[in-house]
Structure formats: C-alpha cells, structure tokens
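First the proteins, then the strands, lettered A, B, ... as listed; each starts at 1. What's counted below: heavy atoms across the whole structure, side chains too, no hydrogens, waters or symmetry copies.
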Amino acid sequence: MRASHFGWLFAAPALVIIGVFFFLPVLGALALSLTDFDLYALADLRNLRFVGLDNYWQLMHSREFWGALGNTCYFVALGVPLSVLASLLTALLVSSRLTRWPALFRTALFAPVVTTVVAVALVWRYLLHTRYGLLNWALGALGVHPLDWLGDPHWAMPAIVLFAVWKNFGYNMIILIAALQAVPEELHEAARLDGASFWQEFVRVTLPALRPTLLLVAILTAAGYFQLFAEPFVMTQGGPLQSTMSVVYLMYDQAFKWWNLGTASAVAFLLFLIVLVVTALEMRFLRRIEAP
Amino acid sequence: MSARATRVLLHVALLSLAALTLLPLLWMVAVSFMPAGTASVFPPPLLPRHPTAANYRLLFATQGMGRYIANSLWLASLTAVLSLLFNSLAGFAFAKLRFRGREALLRTLLAALVIPGQVAMLPLFLMMKWLGLVNTYTGVVLPAAASIFGVFLVRQYALSIPDELLEAARIDGADEVRIFLRIVLPVLRPILATLAVASFLGGFTFLGGWNDFLWPLIALTDQRMYTLPVALAALSREHGQDNELMMAGAVLTVLPVLVLFLALQRYYIRGILTGSVKG
C-alpha cells in the first residue's frame with residue numbers, strides 16, 4: 001500500500017464522522033427549513049410538504065422571532081464589551097511585572113470557565129434571589145433597594161449578562177495574557193526611558209500591540225454569545241414576559257415543544273446567516289485597521 | 001506613587017477580583033451543607049451553622065444522583081477515548097501524509113468552523129431517530145467522536161515532527177501503522193493530553209463532554225439515561241425552591257471538573273492557546 005492510501009485510511013474515520021454527523025445535518029437543516037416538517041411528518045414522512053421560503057417569510061413577520069433576535073443582540077451588545085473588558089483588566093493585573101504568584105491568580109480567575117453552565121446558573125439564580133440572594137444583600141449594604149433580578153423584564157437580561165461575564169471572562173484572559181507576554185520587553189523599556197507614565201505606556205505601547213488579539217477575541221466571543229441558550233433555560237425559562245427568550249431557545253421551543261422542525265430549522269439557519277454576516281463584517285473591519 | 005504602594009494596590013485589586021470570582025463557588029459549597037430551609041433567610045448565611053451532609057444523602061437516596069454521575073463519567077470518558085483515536089489519526093494524516101484532496105479538505109474544514117453547532121442539532125436528532133439511536137449512549141457519543149477542532153489541534157502539533165524521522169523509519173522498512181504507533185504517538189503525547197481533557201470536559205466543540213447540555217437534553221429522553229447537567233436542570237424544575245438541595249447537586253456536577261482542571265490545567269490552557277474555537 002502506498003503512503004497516499006495510508007493518508008486516506010488515517011483521515012477517513014474522522015472525516016466520515018464529521019461528514020455524517022456535522023456536514024450532512026447542516027445541509028439537512030437547510031433542506032428541512034424549506035419544508036413544513038411537523039409532528040405529522042415525524043409520524044409519517046408522506047405528510048411532508050415542500051413550502052419554499054415560507055418558513056422564513058413567516059419568521060420575518062413573527063413578533064416572537066424579532067423579539068428573540070432583539071434579546072440575543074442585546075445580550076451580545078452588552079455582554080461582549082463587558083466580557084472583553086473584564087478579560088483585559090484581569091490579564092493586565094495578572095501579567096504585571098509586580099505581581100506575585102501570577103499562576104495562582106490566573107487559576108482562581110479562570111475557574112468559572114471550566115464549570116458546568118447548568119450547575120453554576122443554578123448557583124447564580126440563588127445568588128440573584130430577590131429576598132435571600134447575596135447580591136441584593138450586598139447592594140442593600142450600599143443603600144440600594146432590592147432588585148427583582150430575574151423577575152423583572154428590565155433586569156433579567158442584564159442579570160444573565162452579569163452571569164455570562166463571570167462565567168466566561170477567564171477564557172479570553174488566558175489568550176490576552178499570552179498576547180501580553182509576546183509584546184517585546186524593549187518596547188516597554190523604551191517607553192519608560194522616555195519617561196512615559198504608566199497610563200501613557202498602556203495607551204501607546206500595550207494597547208496597540210494588543211489590538212489585533214482584542215478584536216479577534218471580541219469576534220469569537222460575539223459568535224459564541226449569539227448561541228445563548230442554557231443560561232436562560234435554567235435561570236428564567238425565557239421569561240419574564242419573554243425578555244430572555246433567545247434565538248436558540250426559540251429554536252429549541254419550536255422544535256421540541258411544538259415539533260415544528262421546519263420552522264425551527266429556519267430559525268437555526270437564520271442564526272447561522274446572522275453570525276456569518278456579523279463575523280465577516282467584523283473581520284473586514286479588523287483587516288482594515290490592521291492594514292498599514 | 002511609589003513602587004511599593006503600586007504593588008500593594010495591585011495585589012489588593014487582584015485579591016478582591018479573585019475572591020469575587022470564587023465567591024459564588026464557595027457559597028455554593030457552604031449552602032450545600034446547610035440543613036434544608038436554613039439558607040432561605042435574610043441576611044443570607046455565609047457558613048452553615050450546623051453543617052450536614054443530608055442534602056447529599058437525599059440526592060443519592062431519592063434522586064438517583066449516583067446513576068447520573070456514572071452516566072456522565074462513562075459518556076465523557078468514552079468521548080475522550082474515541083476523540084483521541086480518530087482525531088490523532090486524522091490530525092497526523094493531514095500534517096504528514098500526502099493524499100489527494102488534502103488541501104481542499106483542510107480548507108473546507110477550516111471554513112466550517114464558523115457554522116454554529118446548533119444548526120446541525122435538529123437534523124442530527126432526526127437522523128438518530130431514524131437510526132434508532134435516540135436514547136442510546138451511542139447516539140450521544142458518536143457525533144463527538146471526531147471534531148474539526150480536534151483534527152486541527154493534533155495537526156498543528158504534528159507539523160513539528162521532522163520528516164527525516166519518518167523517512168528514516170520508512171527506509172528501515174516500517175509501515176505507516178507501525179510508524180504511527182511507535183514514533184508519532186509518543187511525540188504527540190502532550191497534545192493528546194490536551195485533547196483528552198478538552199474532549200472530556202467539552203466546550204471546545206459543538207457537542208459532547210461532561211459540560212455539554214443541549215445535545216444530551218435532546219438526544220436522551222429516558223430519565224435513567226440523563227447526564228448530570230440534564231438531570232440537574234430537570235431537578236431544578238421540580239425542586240427549584242430547595243436551595244440547599246440544588247447547591248449540593250451543583251457541587252456534585254462542578255467539583256469533578258474543577259478537580260480535573262486543577263490537576264491538568266496546563267494541558268487545558270494549551271488547548272485554548274492553540275487557537276481553539278469554542279461554542
């Protein structure tokens with residue numbers, strides 16, 4: 001057997017799995033979204049009808065879809081900058097030359113990332129409890145009246161953002177710490193020799209060196225945040241008043257509560273298109289500012 | 001500001017941030033040892049006055065927690081083993097073996113990284129239903145047995161294996177399978193550790209692993225088959241108000257992964273730094 005046969009032989013099992021269980025379903029989703037697949041079709045495929053773009057048309061006129069998309073965009077718009085800011089702040093602190101035991105701090109700050117979303121979402125639901133939660137107790141000490149975090153349509157999404165920031169900032173912190181270590185020490189020394197203040201050094205040296213990584217991290221975080229699901233599923237069940245109903249949650253409900261798999265697939269595909277367009281735009285923006 | 005004052009300030013900031021980050025986890029542990037009902041008071045108690053393991057005993061005795069732990073452990077381990085096998089073979093092939101269509105396949109896989117996993121979820125469910133794999137562990141594990149992330153992780157690392165090493169072995173008459181087992185696998189060991197931890201925990205690919213929620217939620221309908229996160233979510237819909245009980249359930253779900261992470265964190269962190277894409 002020639003080496004090239006071995007190449008195929010070695011790659012084939014993984015490629016078959018990825019092809020059958022990822023690529024095929026993605027194409028299947030596209031096909032499914034053009035049909036009226038529902039409980040009747042699930043029982044007997046002869047009940048399946050091709051409906052063209054009807055599902056998309058319906059979604060474009062559905063208040064529920066726009067609501068879910070609005071909520072998801074709100075989560076992304078609030079969550080991404082806050083997450084990246086938290087990652088940047090902690091990365092700077094951990095990688096400061098003056099910091100002792102940086103590995104210890106890094107581990108502590110990173111811990112939430114490895115935890116199970118469902119479990120820590122339950123912890124946060126309790127933490128945010130109106131009467132018995134730690135957060136309202138702490139706010140009370142500062143003279144703030146108790147907030148009905150998860151029961152008030154205005155506060156439920158910000159509360160979920162707070163939780164998501166806590167859960168995720170450590171991930172990007174690790175990437176930013178590595179990027180900070182890659183900044184040549186001579187640049188910092190030159191800035192200090194020129195008498196730059198701490199702040200000037202940060203704005204003139206650190207930040208420009210970090211910018212590509214920061215933007216990349218923001219893009220990846222946004223792509224991930226568009227897929228919001230487990231947090232509202234556990235903490236609010238999409239409520240109150242649908243204020244935390246996300247696009248993926250809508251997909252889940254359409255599929256497994258109402259068994260409208262056609263509509264649900266159209267939701268999934270629209271989400272894909274949105275993420276694709278947003279990511280492409282961001283990438284273009286990134287390239288433009290990277291170009292000399 | 002003197003260097004000393006800066007240093008003190010820096011550590012005060014770091015200590016407070018670390019404490020704030022760990023507080024929810026520490027509180028979770030503390031409340032899990034409180035007798036039922038005693039955590040629902042104001043002001044919220046920080047430490048159990050009369051620590052008890054009653055919540056844990058209740059979870060194991062009446063809620064079948066032991067079973068869910070075993071389910072999760074089995075599924076995550078199986079995922080890790082299969083993902084090691086298939087991804088290392090493919091990763092090595094893409095790095096070091098020439099075969100027709102290699103570059104085109106690589107480009108396709110790379111481009112597919114932008115597709116959110118949820119898009120595949122519903123047809124995947126239908127597929128498993130037609131294959132009769134809904135409610136089986138095969139159905140849960142199989143889609144996670146190989147991943148684009150895993151293939152690329154191994155490939156990046158395998159690129160650094162010198163070609164001369166492989167050529168020398170070929171001249172000595174070793175076939176590709178022997179080369180893979182005797183030469184490649186030992187060299188890949190560190191990145192395989194990374195892959196094993198990442199696959200076991202999940203979160204690096206679109207489904208699979210201990211922390212995965214959406215896919216086992218969809219693919220498993222029989223309660224006795226549930227993984228820990230799915231069981232915990234179901235439990236919270238019934239016992240949502242029993243905070244002490246829920247916190248004990250959360251501890252049982254989170255503690256194993258935290259311990260695993262602490263033991264193997266340098267491998268896990270390498271996974272992040274190798275340009276992984278999460279979600």
field: B:R4 atom CZ, neighbour heavy-atom count above 12 within 6.0 Å
entry: no

query: For A:W259, does the CH2 atom have more than 12 heavy-atom neighbours from other residues, nucleotides or ligands under 6.0 Å away?
result: yes

Interatomic spacing from [atom1] in [X] to [atom2] in [Y] - rounded to 0.5 Å:
X	Y	atom1	atom2	value
A:F256	B:L122	CZ	CG	5.0 Å
A:L15	B:T108	CG	OG1	10.0 Å
B:Q118	A:F272	CD	CZ	12.0 Å
B:L255	A:T116	CG	OG1	10.5 Å
A:T99	B:L10	OG1	CG	4.0 Å
A:L45	B:W130	CG	CH2	5.0 Å

field: Winner by heavy-atom pair count (cut-off under 4.5 Å) against chain B, out of A:T221, A:V94, A:L122
entry: A:L122

- prompt: So which of A:L98, A:V26, A:T90 has the largest heavy-atom pair count under 4.5 angstrom toward chain B?
  reply: A:L98

message: Would you say the ring centers of B:F42 and A:Y132 fall short of 6.0 Å from each other?
response: no

message: Report which part of A:I17 has an atom under 4.5 Å of a heavy atom belonging to chain B: side chain, backbone, both, or neither.
response: side chain

[X], part contacting chain A, at a heavy-atom distance under 4.5 Å:
X	answer
B:V251	neither
B:A144	neither
B:V114	both
B:R102	neither
B:L262	side chain
B:L105	side chain
B:L142	both
B:L126	side chain
B:K96	neither
B:L260	neither
B:S236	both

message: Quick check: do A:F110 and B:I272 have side-chain heavy atoms less than 4.5 Å from each other?
response: yes

message: Do B:R178 and A:F6 form a cation-pi contact, if we require the NZ or CZ to be under 6.0 Å from the six-membered ring centre and within 45 degrees of the ring's axis?
response: no

Would you say [X]'s side chain and [Y]'s backbone share a donor-acceptor pair under 3.5 angstrom?
X	Y	result
B:N211	A:V117	no
B:W27	A:L127	no
A:W8	B:R100	yes

